[in-house]
Amino acid sequence: MRMSQLFGKTLRQDPAEAETPSHRLLLRAGLVHQIAAGVYAFLPLAWRALHNVERIIREEMDAAGGQELMLPAIHPIEIWQASGRDQTMKDILFRFSDKRNREFVLGPTHEEVIVELFKRNVHSYRDLPLLVYQIQQKFRDEPRPRGGLIRLRQFTMKDLYSFDTDFEGLDVSYRKMYEAYTRIFDRCGIPTVPALADSGAMGGRDTHEFIYLTEYGEDTCLLCPKCGYAANAEVAAFVKEPAHNAEEPKPIEEIPTPGLYTIQSLADHLGLPTSKTCKAVFYSADGEPVFVAIRGDMDVNESKLRHALGTTDLHYMSEDEVAAAGFVPGSAGAVGLNERLPAAPRVRIIADDLLPEEVNLVAGANKPDAHLLNVNYSRDWEADTVADIALAGEGSLCAAPGHGESQCRTPMDLRRGIEMGQVFKLGTFYAEKLGATYLDAEGKQRPAVMGSYGIGTERLLAAIIEANHDERGIIWPTEIAPFQVHLVALQPEREEVRSAAEELYDNLQSNGLAVLYDDREETTGVKFNDADLLGTPLRVTVSPRTLEKGSLEVKRRSEKESELVPLDGALSLIEAAISR
RNA sequence: CGGGGCGUGGCGUAGUCUGGUAGCGCACUUGACUGGGGGUCAAGAGGUCGCCGGUUCGAAUCCGGCCGCCCCGACCA
């Protein structure tokens, strides 16, 4: 490709809207153009890179026994109603109707559709296991697109669905995908850690997210530096220990606490650590008020809370909702809560499982400007549900098995990361909802056991840049680079330069190399800076200066030094440099 | 949806507080010089100041409404 013809321009300044390095470079290098929030156009260079990403994914999926197919983006609403996800995913569904008023959704994912195909084509255990996948556009009306290509509303996803006869088979399929993912991210030059993740409301068993650790990520995970335990903060387990259970329970006592509305100010006033207090948090779960009690030095993990409550819609109460529920913000406590509330329906109380072990905590008195000292679980109050609902944080102790039967107990690191892909054991949820069954060897009808395995390709591209760049620009991994060689002709107006460069260009191309040829009449600085920005792995320069010596200059994008090579035999040297 | 910020040629921005002919840098066009890290000079082209309404002799600027985009939080590849 001649750069004089290439569609797409590099920018000299950083666009104002870009904050993350990948977003900045994607725009600066002229790779992408934003059309709307979370909706992007991909120019030729980006498109070539994306093709390479997809090629790698295809190779690894095929090697793992996957069969590629193509599914529609337009889905009749009925199949979404059948799975119930027209409701559970309603906030992100793009919906529309046709001219006969039939309702459709733009597919945000394709479990419903693939199960339709399964029902048509699989009837026997002899047809299983089955691994099918697609690489195509998905549409999600995300609440907040962000970070350039990190979070899009229209995006491309590789989704593989596995169907097995039983959970043992699912374990095999899952393992295959887990290993394929490791290879894919490795080939893309992205270091990832597989982290335990939330299996969601589908009741799946284990699931892993492949996380690329970066401060620009939107996920939070906990990593144990000693044993390697890694988990999304949503599910991260940690060792919780009672802080003060050596004391004898003391009589409960009400004290005035005017102006003390936060745990910190309360603890400071009383000269106690925050771990000696009991914090109250108000949630609305499927429209019902829920009173959440947790030790004052800890935070609520909303994912764990959602699981413990068994609800789907969960949110912090607004001030209006708090008032309507009759809670006393700043001085709320579980002691006598339901007796004091004027509203008739009982409020559900859920307590973190550490609270029953604590002694003599300070808690709200359910009236303005008052708290209770020496509150003790079971003697003074009880929860409807006791569960682990605490959020792990920086320094939380690793709960993974350590030596022998004890726990690892190493302080964990809190890190941000981008979720590159997820491998997910769906189990029989869709099979049962949508009727994906097969006949086993005894002729009995059984539900197929499913797994799903997704990778977002544009996000992957963004992460590749995030993980492979310097202050000058992108440094493409060999397998991803839009072009293998960036041929620079300095002063192409000069006949000897032009003819040497053109000859080399033809020569490289006819030997099967992808060459980006800078034939523009630009100054040296412009050309070299663009070459660095665009990040092609190998730069080859032809100039009056090199020609004087009968040579070319060859430089790797990833290295500082360049070398002169003789014009004769340059082709084989360049080929060797690429395959190195 | 809550909180914060922004909207002025393709990109980056000044001007807005205090109303009075829309400015600068980059990119673009033409010519000359230059020639190994965004070079110099000269001459040009390009703007409904996000949209609608209001106030005013006069609005990028003041007022009201709407739209869009970015960032931080609740969801996910």
Side-chain angles (χ1 to χ4, degrees), chain A residues 9-20 23 27-28 30 33-39 57 88-92 108-109 135 137-160 181 197-198 200-201 207 209-212 216-220 232 234 283-284 300 302-303 305-306 312-316 318-319 418-424 452-463 472 488-494 497 521-533 539 541-546 548 553 555 562 564:
Chain A
K9 274 212 166 300
T10 57
L11 300 173
R12 295 202 180 178
Q13 298 103 337
D14 286 337
E17 79 250 28
E19 307 223 334
T20 64
H23 191 194
L27 292 170
R28 271 254 277 162
H33 181 255
Q34 185 177 31
I35 295 296
V39 180
I57 293 174
T88 54
M89 293 182 84
K90 67 172 185 294
D91 290 342
I92 61 155
T109 175
I135 301 177
Q137 303 262 290
K138 316 240 170 174
F139 301 84
R140 298 183 186 174
D141 195 358
E142 292 290 346
R144 187 156 90 83
R146 70 179 105 182
L149 302 185
I150 302 291
R151 185 168 210 77
L152 298 170
R153 293 195 297 168
Q154 171 177 351
F155 63 102
T156 311
M157 187 159 104
K158 183 285 299 178
D159 229 350
L160 183 142
Y181 273 34
D198 191 351
T207 169
E209 293 170 349
F210 286 78
I211 303 285
Y212 162 53
Y216 299 104
E218 47 180 2
D219 278 306
T220 308
N232 192 302
E234 290 177 345
Y283 278 91
S284 171
V300 174
E302 292 191 12
S303 292
L305 179 61
R306 186 172 287 115
T312 50
D313 180 32
L314 182 76
H315 63 266
Y316 253 132
S318 65
E319 282 183 30
I418 301 173
E419 182 187 343
M420 300 312 312
Q422 185 166 23
V423 289
F424 199 127
S452 82
Y453 316 86
I455 295 178
T457 63
E458 296 91 346
R459 177 182 287 185
L460 186 47
L461 187 71
R472 310 194 63 85
V488 179
L490 297 181
Q491 296 178 57
E493 309 77 18
R494 296 215 201 171
V497 171
E521 301 190 3
E522 291 285 354
T523 56
T524 310
V526 171
K527 291 190 167 191
F528 282 169
N529 278 300
D530 276 348
D532 288 342
L533 179 59
R539 188 185 79 190
T541 305
V542 181
S543 72
R545 192 185 287 186
T546 64
E548 260 174 39
E553 183 206 68
K555 179 185 172 298
S562 62
L564 285 180

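Side chains are part of it too, since the values below use all heavy atoms of this structure and drop only hydrogens, waters and symmetry mates. Quantities reported herein were computed from a predicted structural model and do not represent experimental measurements. The chains referred to below are lettered A, B, ... by the order of the sequence lines, with proteins before strands, and numbering in each begins at 1.
The separation of B/C52 from B/A60, taken at their C1' atoms, amounts to 16 Å, rounded to a whole angstrom. Between the P atoms of B/C41 and B/A27, the separation comes to 12 Å (whole Å). The C1' atoms of B/A45 and B/C28 are separated by 8 Å, rounded to the nearest whole Å. As rounded to the nearest Å, B/U18 and B/C24 have C1' atoms that lie 23 Å from one another. B/G38 and B/C26 are spaced 14 Å apart, taking the P atom of each and rounding to whole Å. Nucleotides B/A22 and B/A59, compared at atom P, are 12 Å apart to the nearest Å. Using atom P as the reference point in both B/G15 and B/C62, the two lie 13 Å apart (nearest Å). Spacing between B/G5 and B/G9 at atom C1', rounded to whole Å, works out to 24 Å.
When the side-chain nitrogen and oxygen atoms of A/Gln13 are compared with OP1 and OP2 of B/C26, none of them lie within a distance under 4.0 Å. Between A/Arg12 and B/A27 there is a side-chain N or O to OP1 or OP2 distance below 4.0 Å. For B/C75, the OP1/OP2 oxygens have a side-chain nitrogen or oxygen of A/Arg306 closer than 4.0 Å. For B/G38, the OP1/OP2 oxygens have no side-chain nitrogen or oxygen of A/Arg472 closer than 4.0 Å. When the side-chain nitrogen and oxygen atoms of A/Gln34 are compared with OP1 and OP2 of B/C70, one or more of them lie within a distance under 4.0 Å. Look at A/Arg144 and you'll find a side-chain N or O under 4.0 angstrom from OP1 or OP2 of B/C72.
Counting non-hydrogen atoms under 4.0 angstrom, A/Glu493 reaches a base of the nucleic acid. As judged by a 4.0 angstrom heavy-atom cut-off over every strand, A/Thr109 is placed among residues making no nucleic acid contact. Within 4.0 Å of A/Glu142, counting heavy atoms only, lies at least one base atom of the nucleic acid. Nucleic acid contact class of A/Ile92 (heavy atoms, under 4.0 Å, all strands): none. Counting any heavy atom pair closer than 4.0 Å across all strands shown, A/Pro143 reaches a base atom. Contact annotation for A/Ala18: no contact, since no heavy-atom pair falls under 4.0 Å across all strands.
None of A/Leu564, A/Val488, A/Thr524 except one satisfies the side chain to side chain contact (heavy atoms under 4.5 Å, CB included) rule with A/Thr541; the exception is A/Val488.
Checking B/C76, B/C11, B/C75 against every side-chain atom of A/Pro15, the shortest atom distance belongs to B/C11. Between B/A77, B/G37, B/G12, one nucleotide has an atom nearer to the side chain of A/Ala16 than all others, and that is B/G12.
The pair A/Lys138-A/Asp159 meets the salt-bridge criterion, with a side-chain N (NZ, NE, NH1 or NH2) lying under 4.0 Å from an Asp/Glu carboxylate O.
Residue side chain A/Ser543 reaches the base of B/G36 through a donor-acceptor N/O pair under 3.5 Å, judged by distance alone. Taking 3.5 Å as the limit, the base of B/C76 and the side chain of A/Arg151 contain a donor-acceptor pair of atoms between them. For A/Arg28 against B/G12, no side-chain N or O and base N or O form a donor-acceptor pair under 3.5 Å. Judged by distance alone, with hydrogens and angles left aside, A/Asp14 brings no side-chain donor or acceptor close enough to the base of B/C11 to form a pair under 3.5 Å.
The separation between A/Glu522 atom CD and B/G38 atom C1' is 9 Å, rounded to whole Å. Whole-Å rounding puts the A/Leu490 CG to B/G39 P distance at 15 Å. If you measure from atom OH of A/Tyr453 to atom C1' of B/A77, you get 16 Å, rounded to the nearest angstrom. Spacing between atom CG of A/Asp219 and atom P of B/A74 amounts to 10 Å, rounded to whole angstrom units. Whole-Å rounding puts the A/Glu218 CD to B/C71 C1' distance at 13 Å. When the C1' atom of B/G10 is taken as reference, atom CG of A/Leu27 falls 13 Å away, rounded to whole Å. Taking atom NE2 of residue A/His23 and atom C1' of nucleotide B/C70, one finds them 9 Å apart after rounding to whole Å. Whole-Å rounding puts the A/Asn232 CG to B/A77 P distance at 11 Å.
Closest approach of A/Pro544 and A/Leu490 over heavy atoms only: CD-O, 3.6 Å. Nearest heavy-atom pair across A/Arg151 and A/Arg144 is CD-O, 3.1 Å.
Stacking between A/Tyr316 and B/A74 is absent: the ring centroid is not both under 5.5 Å from the six-membered base ring centre and under 30° in plane angle.
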Derivation of the salt bridge (charged side-chain N to carboxylate O under 4.0 Å, His left out) call for A/Arg459 and A/Glu218 = CA-CA 12 Å; A/Arg459 177 182 287 185; A/Glu218 47 180 2; 3.5 Å; yes
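Side chains of A/Thr546 and A/Glu553: a donor-acceptor N/O pair is absent below 3.5 angstrom, by distance only.
Each of A/Glu19 and A/Asp532 was assigned the nucleotide of RNA chain B with the nearest heavy atom; the assignment lying further toward the 5' end belongs to A/Asp532. Residue order along RNA chain B, read from the 5' end via each residue's closest nucleotide, puts A/Glu553 first among A/Glu553 and A/Gly147.
Environment of NE2 in A/His33: sparse, with no more than 12 heavy atoms of neighbouring residues, nucleotides or ligands closer than 6.0 Å.
With ring centers used as reference points, A/Tyr316 lies under 6.0 Å from A/Tyr283.
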